[in-house]
Amino acid sequence: MVERLLGYIGRPFVQIFDTIERFGLFILFQSQLFKLYPLAFKRYKIVLTQIEVIGLGCMGVVTLTALFTGMVEAIQLYGGFHQFGVETFIGYTIFLSITKELGPVFASLMLISRSISAMAAELGTMRVSEQIDAIDILGVNSKEYLITPRIIATVISLPLLVIWFDFIAISSAYFISTGVLGINPIAYQETLMRLGEFNDIMTGVIKAAVFGFIVSSIGSYIGYHTSGGARGVGQSTIYAVVYSAVAIFITNYFLSSLFLYLDW
């Protein structure tokens, strides 16, 4: 009875220390990759292939998400803005929320579900089938060959996806606002052009680059260190998606606070 009670008390502390240890190993692993990033551009064909797989592979789901996000935002904001007679400010409000917050976060979540999960599963399958060991035996640095091109491709792809997301979401919101809700299109455009700033777009693009680095680092790390056969591949895929999504929300808070402090 006493041993069981002590076990319940001590288990959370053991889990905390295990988490700290795993995070430390993750940081050490990432530090080893920094010297490999310049070498990855020698394999530019692999980087371009990964941009196609990671970036273009997400275009469909990102487009659909952006389309309906803009439409829903327009409908939801109209009710509140209409009560105060300031419907023309809907355009700027949507522009601000999409470019600074919803665009980078939603696009990142779609990329996680579509590409980062596939990345973890692919690398995990290569690990459990000993393909990564074979690459190392052949004298090729598996980290340089498999991981850094994927991270670079994600960092390049996600900001472009966010820009596309912004365009689709803002356009769909405009058509719903002016074509369905009856808002004056000229007043809508004037308010948006007068208040909207390029820095708002750049905020989302910078966030997307940071998010891309984080989620690809997490997905590739978990996939690269998979063990336990087919079951381990499935668990690695789950961990990659969950940890990446949580990391996005945490990082978004700190980046938003930083931009607010810098008055960006």
Side-chain angles (χ1 to χ4, degrees), residues 12 15-17 19-31 33-34 37 54-55 58 62 65-66 69-70 72-74 76-77 80-81 86 89-113 115-116 151-152 154-170 173 191-192 194-222 239-264:
Q15 293 175 347
I16 291 173
F17 284 115
T19 302
I20 295 174
E21 180 184 7
R22 289 196 296 269
F23 182 73
L25 292 174
F26 171 76
I27 297 299
L28 290 175
F29 181 81
Q30 296 304 320
S31 65
L33 296 180
F34 279 107
Y37 287 119
I54 295 171
C58 289
V62 167
T65 304
T69 298
V72 169
E73 262 217 284
Q76 294 297 334
L77 289 177
F81 280 60
V86 289
F89 285 92
I90 289 179
Y92 172 65
T93 305
I94 292 175
F95 171 82
L96 198 65
S97 62
I98 291 291
T99 55
K100 299 186 77 169
E101 295 297 335
L102 297 183
V105 171
F106 280 13
S108 298
L109 292 176
M110 293 303 103
L111 182 132
I112 289 170
S113 62
S115 298
I116 300 303
I151 295 177
I152 292 172
T154 308
V155 172
I156 295 173
S157 299
L158 190 51
L160 298 177
L161 287 172
V162 167
I163 293 173
W164 176 249
F165 185 103
D166 294 345
F167 173 74
I168 296 297
I170 293 170
T191 304
L192 180 58
R194 177 164 50 88
L195 299 177
E197 296 181 358
F198 182 72
N199 283 348
D200 299 330
I201 300 175
M202 287 306 301
T203 297
V205 172
I206 294 172
K207 282 186 176 182
V210 176
F211 292 166
F213 175 77
I214 291 174
V215 299
S216 58
S217 297
I218 293 174
S220 59
Y221 174 82
I222 293 176
Y239 293 152
V241 171
V242 173
Y243 292 160
S244 297
V246 172
I248 287 299
F249 289 112
I250 295 174
T251 307
N252 185 53
Y253 168 77
F254 287 106
L255 287 178
S256 298
S257 301
L258 177 62
F259 286 126
L260 179 63
Y261 175 78
L262 297 176
D263 194 23
W264 184 290

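We count residues from 1, following the sequence as given.
Residues that satisfy the ring pair (Phe, Tyr, Trp, His ring centres under 6.0 Å) test with F26, not counting sequence neighbours, are Y221. For T65, the side-chain contact (heavy atoms from CB on, under 4.5 Å) partners are V61, T69, F106, M110, F165, not counting sequence neighbours. Remark: S244 engages I112, I116, V215, I218 in a side-chain contact (heavy atoms from CB on, under 4.5 Å) (not counting sequence neighbours). Taking the ring pair (Phe, Tyr, Trp, His ring centres under 6.0 Å) definition, one finds that F34 meets it with Y37, sequence neighbours left out. Qualifying side-chain hydrogen bond (donor to acceptor under 3.5 Å, both in side chains) partners for T93, counting only residues two or more places apart in sequence or in other chains: none. Scanning for side-chain contact (heavy atoms from CB on, under 4.5 Å) contacts around I250 gives V246, F254, with sequence neighbours left out. F81 meets the ring pair (Phe, Tyr, Trp, His ring centres under 6.0 Å) test with no other residue; sequence neighbours excluded. With sequence neighbours excluded, the residues satisfying side-chain contact (heavy atoms from CB on, under 4.5 Å) with F249 are V105, L109. Under the ring pair (Phe, Tyr, Trp, His ring centres under 6.0 Å) criterion, Y92 pairs with no residue, sequence neighbours left out.
Looking at heavy atoms from C-beta onward, F95 lies out of side-chain contact with L195 at the 4.5 angstrom threshold. Residues S220 and I151 form a side-chain contact, since some pair of their non-hydrogen atoms from C-beta on lies under 4.5 Å apart.
A pairwise comparison of heavy atoms in L161 and V62 identifies O-CG1, 4.0 Å as the closest pair. Nearest heavy-atom pair across P104 and G204 is CB-O, 3.8 Å. Between S115 and C58, the closest heavy-atom pair is OG-SG, 3.1 Å. For the residue pair A173 and G70, the shortest heavy atom distance occurs at CB-O, 3.4 Å.
When the options V162, L255, L111, V155 are evaluated for a side chain to side chain contact (heavy atoms under 4.5 Å, CB included) with F211, the one that passes is L255.
Counting only residues at least two apart or on different chains, the salt bridge (Lys or Arg N to Asp or Glu O under 4.0 Å) pairs with a member in residues 93-110 are E101-K207. Identified under the salt bridge (Lys or Arg N to Asp or Glu O under 4.0 Å) test for residues 252-262, with sequence neighbours left out: none. Sorted by first and then second residue, the pairs that involve residues 194-206 and meet side chain to side chain donor-acceptor pair (under 3.5 Å), not counting sequence neighbours, are T203-W264.
Atom CD1 of I54 sits about 3.5 Å away from atom OG1 of T154, to the nearest 0.5 Å. Rounding to the nearest 0.5 Å places CG of L192 at 10.5 Å from CG of L96. From Q30, atom CD reaches atom CG of L25 across 11.5 Å, with rounding to the nearest 0.5 Å. Rounded to the nearest 0.5 angstrom, L160 CG and I156 CD1 are separated by 8.0 Å. From I152, atom CD1 reaches atom CZ of F213 across 10.0 Å, with rounding to the nearest 0.5 Å. Separation of atoms CD1 (I206) and CD1 (I201) is listed at 12.0 Å; rounding is to 0.5 Å.
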